Trainee: 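Sending over a structure as structure tokens; questions will come in a sec.
No experiment lies behind these values; they were computed from the predicted model shown.
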2 protein chains.
Amino acid sequence: MGTVTKALSLLSFFNRSRSTIGLSEMARLSGLNKATVHRLLTEMQAQGFVEQTGAGREYRLGPAFLRLAALREAAVPTRDLAQAVLADLSQATGETAHVSMLHGDTLVTVAYAYSPQHGTRVTMEDAEVLTFHNTSSGLATLAFSEAGFVDEILSRPLEKRTPHTETDPGKIRATLSDVRTSGMAQNIGGFEDDVHSHAMPLFDAQSHVIGAIAVAAPTARMSRNHQALIQRELRHHALRLTRLMGGFLPDGFQREEAA
Amino acid sequence: MGTVTKALSLLSFFNRSRSTIGLSEMARLSGLNKATVHRLLTEMQAQGFVEQTGAGREYRLGPAFLRLAALREAAVPTRDLAQAVLADLSQATGETAHVSMLHGDTLVTVAYAYSPQHGTRVTMEDAEVLTFHNTSSGLATLAFSEAGFVDEILSRPLEKRTPHTETDPGKIRATLSDVRTSGMAQNIGGFEDDVHSHAMPLFDAQSHVIGAIAVAAPTARMSRNHQALIQRELRHHALRLTRLMGGFLPDGFQREEAA
DNA sequence: CGGACCGGTTCATTATTCAAACCAACGGTT
DNA sequence: AACCGTTGGTTTGAATAATGAACCGGTCCG
């Protein structure tokens, strides 16, 4: 593992529930020597990628990311585009909508929109990492990924998050096959109890899957009419977002959506 | 220069007008060997910090920054806080307001807000890098920086951006002294013709300057009454933002603002 | 006081980076 | 076609930087 890889991988130990990390803890988490970690952090600190908190001298993510994220967004406005489409989609369905993107082997939520229509709604967190086997977005993404990647994901331990989580790789593969046919994935209570979500894949210019767009609703609200509405709107907006981002549906992807 | 520093400094060559950079160009910009640059970029690419565009194989900033910026913002919500204060400030003054933060020796705009009140307004860009000698934010920041940093900045060549740009280090030092007395910096047409801006410094918990908050208006609109309004509102909101971010004014900082 | 942490530093050993030359491929000229 | 100047990417001993075990000086706790 190269030095740069080591340094950057340190950053991945920060998450929502662990926003500051001390030197020794970072050394333990990464398995690297304390001196090495110190040097890497010091170098990253000089560039603003991490900074030290006043008290305790722990490290946290630095301000450089604000700048670089803004530049990334200026160069590739996926987030803005997603946000715009999600606003329409959540408005049309009255439910929470979100877009998650594939980064390597992790699926990260990059944008979401709520509808004010109902008092109850499914809530989302920014930059949340989704699992593949128990979210509709994960299933939609996986269904259009290459076989090796699917094997890789399904060979790992699959967390049983709720009583309804499906953890049998064979059954999941059967589900993926259905998703490929219909173009849409569903998940009922597999990630959070009482949440019924629909998701469709998003594609880039080479028709490779790059993420998914989803609508999440309380199961209590999922009547047949409501489900039909969600599916219709989701099909429409998924296609729209893929096109806005300069992508193309793969050959054979079913496209029965209403104009 | 350490390896990590080299790798991270490559990222700083991306900006708004140069969002993709090829291998050879990056080697030229950084002064590093092509082989080294290639290895560094490859490592960063594996972590999602850069990615290659389909055509031309050039590199651009990667998606990892969206995630890390969201986590940074979750840990230290400076941007959100700034945005909230700016909304009020631009509303109260009817002019464009913005906050810029000091990262090492560069001053970067992190948030801004427009007022819909007038048809003409000063426009801003996200993640824009400001110079110190010809912006009110730069002068406000510099006035409360330590002497060594001021010497460093003023010893560099000072760009004469407009006919009104002051480039004489001696006169700039005199201006900084005035800014320290009044707590507020002004700049008339030194950055953009016909823009009159006011700025005040922002401080952290150790009373070190961390950036500035500013109001920028067309010179044509700057009557005595309007200027008095802007100064009053700016004083109020600058103090408010410093406090919201957990900072304290340094001893002796003048505080004659209206409650 | 003694022990167990913490963040940070030292220095001989070891691995990486450097520079320069070299490939293969592409797009224009001649 | 031949040539030219590019591009991204790769290879080579010689120079340089990274590494990790031990070490320092704190602070907290009993």
Side-chain angles (χ1 to χ4, degrees), chain A residues 1-15 17-63 72 75-76 104 204-206 208, chain B residues 1-15 17-63 72 75-76 104 204-206 208:
Chain A
M1 184 155 66
T3 307
V4 174
T5 302
K6 282 179 198 149
L8 298 183
S9 68
L10 293 184
L11 298 174
S12 67
F13 293 109
F14 292 102
N15 58 40
S17 59
R18 186 165 52 206
S19 63
T20 68
I21 304 181
L23 176 63
S24 299
E25 191 180 359
M26 187 65 97
R28 250 181 279 114
L29 287 168
S30 62
L32 299 172
N33 187 281
K34 205 167 51 162
T36 304
V37 172
H38 179 251
R39 207 174 21 74
L40 297 176
L41 287 174
T42 302
E43 281 197 73
M44 287 197 284
Q45 184 170 30
Q47 306 282 322
F49 283 70
V50 298
E51 65 182 10
Q52 279 178 290
T53 58
R57 293 181 291 176
E58 293 199 314
Y59 295 86
R60 69 180 172 207
L61 291 173
R72 157 74 186 184
V76 189
D204 68 10
Q206 286 77 44
H208 296 139
Chain B
M1 182 155 65
T3 308
V4 174
T5 302
K6 283 178 200 151
L8 298 183
S9 67
L10 293 185
L11 298 174
S12 67
F13 292 109
F14 292 103
N15 60 39
S17 59
R18 186 164 52 206
S19 63
T20 67
I21 303 180
L23 176 63
S24 299
E25 192 180 357
M26 186 66 97
R28 249 181 281 113
L29 287 168
S30 62
L32 298 173
N33 187 279
K34 205 168 51 161
T36 306
V37 171
H38 179 248
R39 227 173 342 82
L40 297 176
L41 287 174
T42 303
E43 281 196 73
M44 287 197 284
Q45 184 170 30
Q47 306 283 321
F49 282 69
V50 298
E51 65 182 8
Q52 278 179 289
T53 58
R57 294 181 291 176
E58 294 198 313
Y59 296 86
R60 68 179 172 208
L61 292 172
R72 158 73 186 185
V76 189
D204 68 10
Q206 287 76 45
H208 296 138

Trainee: Quick one: is B/H38 getting a side-chain N or O under 4.0 Å of the D/dT10 phosphate, OP1 or OP2?
Mentor: yes
Trainee: Figure out the CD/C1' separation between A/E25 and C/dG8, and round it to whole Å.
Mentor: 17 Å
Trainee: Should A/E58 and A/R18 count as an ion pair when the cut-off is N to O under 4.0 Å?
Mentor: no
Trainee: Taking atom P of D/dG8 as reference, at what distance in whole Å does atom CE of B/M26 sit?
Mentor: 11 Å
Trainee: Within the pair A/R28 and C/dC6, is there a side-chain N or O less than 4.0 Å away from OP1 or OP2?
Mentor: yes
Trainee: Testing the basics here: between B/L41 and B/V50, what is the closest heavy-atom pair and its distance to 0.1 Å?
Mentor: O-CG2, 3.6 Å
Trainee: A side-chain contact here means heavy atoms from C-beta on lying under 4.5 Å apart; do B/F49 and A/R72 qualify?
Mentor: no
Trainee: Can you check the B/L29 CG to D/dG8 P distance for me, whole Å?
Mentor: 12 Å
Trainee: For the OG1 atom of B/T3 and the CG atom of B/L32, what is their distance to the nearest 0.5 Å?
Mentor: 10.0 Å
Trainee: Do the non-hydrogen side-chain atoms of A/M44 and A/L10 ever get within less than 4.5 Å of each other?
Mentor: yes
Trainee: Tell me: CG of B/L40 to P of D/dG9, nearest whole Å?
Mentor: 13 Å
Trainee: Using a 4.0 Å cut-off on protein heavy atoms (strictly under), produce a 5'-to-3' string for nucleotides 22-30 of chain D with B for base contact, S for backbone-only sugar-phosphate contact, and - for none.
Mentor: ---------
Trainee: Does the side chain of B/Q45 get closer than 4.0 angstrom to OP1 or OP2 of D/dG8 through an N or O atom?
Mentor: no
Trainee: Return the value, rounded to whole Å, for the distance between atom CD of B/E58 and atom C1' of D/dT7.
Mentor: 10 Å
Trainee: Show the distances under 3.5 angstrom between N or O atoms of the protein and N or O atoms of nucleotides 14-18 of chain D.
Mentor:
from: D/dA18; atom 1: OP1; to: B/T3; atom 2: N; distance (Å): 2.8
from: D/dA18; atom 1: OP1; to: B/T3; atom 2: OG1; distance (Å): 3.2

Trainee: Is the shortest side-chain N/O distance from A/Q52 to OP1 or OP2 of C/dG8 below 4.0 Å?
Mentor: yes
Trainee: Starting at atom OH of B/Y59, determine the distance to atom C1' of D/dT7, rounded to an integer number of angstrom.
Mentor: 12 Å
Trainee: Would you kindly give the CG-to-P distance between B/L23 and C/dC23, to the nearest whole Å?
Mentor: 19 Å
Trainee: Do B/V37 and B/Y59 come within less than 4.5 Å of each other through their side chains, counting heavy atoms only?
Mentor: no
Trainee: Can you see which heavy atom on A/S24 is nearest to which on A/K34, and at what distance?
Mentor: OG-CD, 3.8 Å
Trainee: Of all heavy-atom pairs between A/V4 and B/L40, which one has the smallest distance, and what is that distance?
Mentor: CG2-CD2, 3.6 Å
Trainee: Would you call A/E51 and A/P63 a side-chain contact if the rule is heavy atoms closer than 4.5 Å?
Mentor: yes
